[in-house]
Amino acid sequence: MKKRVLVLLGPNLNMVGVREKGIYGEETAESIAQQIEQKAQQLGYQCELFQSNWEGALIDKIHEARGKFDGVVLNAGALTHYSYALRDAIACVHIPFIEVHMSNVHAREEFRHQSVISAVCAGQIVGFGKNSYFLALEALKDLM
């Protein structure tokens, strides 16, 4: 039976390819999403992608993941740095999460250096652009 993986994308990640091209590049969010799905298929996963600019929608999706998905790749965007509600949702579902950021958040503004979700995630992958998602999918193999 194929492992099921959820890829969650937070606020403003639908604007990749439009916003801050010097940081996120020019490739569109849609193109990257297609590549994530292709990589997941190559790894033998069933994959669902979900993006929302709303914290509550992401929390609802995390709650729904319990019993439905074997692992989650999460780029929470700016919510990473202050959403204790997101942190608590991750902690209560008991499936492996990999925290992902396309940019190296540790080389950016100081407020981005803090992650309130990393303590409840299995690991964190930052700074490799779209490849951060691919690396996270690979990392999940040993956690599910």
Side-chain angles (χ1 to χ4, degrees), residues 3-25 27-40 42-144:
K3 297 288 185 179
R4 294 189 43 96
V5 174
L6 175 63
V7 178
L8 278 178
L9 306 171
N12 300 309
L13 291 166
N14 58 313
M15 299 302 288
V16 168
V18 175
R19 69 181 274 229
E20 300 174 284
K21 291 181 182 183
I23 295 171
Y24 298 103
E27 194 167 1
T28 66
E30 294 82 12
S31 172
I32 294 169
Q34 289 174 346
Q35 292 171 64
I36 292 169
E37 289 175 338
Q38 289 170 352
K39 178 66 173 181
Q42 289 172 1
L43 293 169
Y45 301 150
Q46 289 182 347
C47 181
E48 180 179 326
L49 273 88
F50 180 80
Q51 188 278 326
S52 181
N53 294 315
W54 297 93
E55 181 180 31
L58 294 167
I59 291 169
D60 287 344
K61 199 68 174 176
I62 290 168
H63 290 174
E64 292 169 15
R66 192 171 141 263
K68 184 177 178 185
F69 291 96
D70 300 295
V72 179
V73 173
L74 171 62
N75 184 341
L79 294 172
T80 299
H81 314 296
Y82 65 87
S83 178
Y84 294 103
L86 199 62
R87 181 224 178 273
D88 291 347
I90 294 165
C92 76
V93 297
H94 305 292
I95 56 177
F97 278 70
I98 305 288
E99 178 185 348
V100 166
H101 301 282
M102 292 177 68
S103 69
N104 180 353
V105 292
H106 304 291
R108 295 184 64 192
E109 304 93 336
E110 180 135 353
F111 75 89
R112 295 186 196 276
H113 300 181
Q114 166 88 16
S115 169
V116 300
I117 66 171
S118 63
V120 292
C121 291
Q124 181 188 66
I125 299 172
V126 304
F128 296 99
K130 68 181 180 183
N131 292 314
S132 295
Y133 297 110
F134 309 149
L135 292 167
L137 289 171
E138 289 277 355
L140 278 176
K141 286 191 302 190
D142 294 329
L143 299 174
M144 300 187 296

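Only this structure's heavy atoms are used, side chains among them; waters, hydrogens and symmetry mates stay out. Just so we're clear, the structure is a prediction, and the values are computed from it rather than from any experiment.
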Test side-chain contact (heavy atoms from CB on, under 4.5 Å) applied to [X] - qualifying residues, sequence neighbours left out:
X    : answer
A89  : I59, I62, H63
V116 : Y84, Q114
S52  : F50, W54, A57, L58
D60  : E64

Search all heavy atoms of [X] against all heavy atoms of [Y] and return the closest pair with its distance.
X    : Y    : answer
P96  : D70  : CD-O, 3.3 Å
L143 : A122 : CD1-CB, 3.6 Å
N12  : N53  : N-OD1, 2.8 Å
A76  : I117 : CB-CD1, 4.1 Å
V73  : L140 : CG2-CD1, 3.8 Å

Check residues 126-134 and write down every donor-acceptor pair under 3.5 Å in which the side-chain atom is one partner and the other belongs to a residue at least two apart or another chain.
{"from": "K130", "atom 1": "NZ", "to": "E27", "atom 2": "OE1", "distance (Å)": "3.0"}
{"from": "K130", "atom 1": "NZ", "to": "E27", "atom 2": "OE2", "distance (Å)": "3.4"}
{"from": "K130", "atom 1": "NZ", "to": "Q35", "atom 2": "OE1", "distance (Å)": "2.7"}
{"from": "S132", "atom 1": "OG", "to": "H101", "atom 2": "O", "distance (Å)": "3.2"}
{"from": "S132", "atom 1": "OG", "to": "F128", "atom 2": "N", "distance (Å)": "3.1"}
{"from": "S132", "atom 1": "OG", "to": "G129", "atom 2": "O", "distance (Å)": "3.2"}
{"from": "Y133", "atom 1": "OH", "to": "N75", "atom 2": "ND2", "distance (Å)": "2.9"}

Chi angles and distances behind the side chain to side chain contact (heavy atoms under 4.5 Å, CB included) call for V5, M144 = CA-CA 10 Å; V5 174; M144 300 187 296; 3.9 Å; yes

remark   = So side-chain hydrogen bond (donor to acceptor under 3.5 Å, both in side chains) across residues 86-98, not counting sequence neighbours, yields none

inquiry  = If we ignore hydrogens and angles and just use 3.5 Å, is the side chain of Q51 paired with the main-chain N or O of G10 as donor and acceptor?
reply    = yes

query = Could you go step by step and tell me if S83 and E55 meet the side chain to side chain donor-acceptor pair (under 3.5 Å) rule?
reply = CA-CA 8 Å; S83 178; E55 181 180 31; 2.3 Å; yes

remark   = With L74 as partner, the option from L9, I90, L6 fulfilling side chain to side chain contact (heavy atoms under 4.5 Å, CB included) is I90

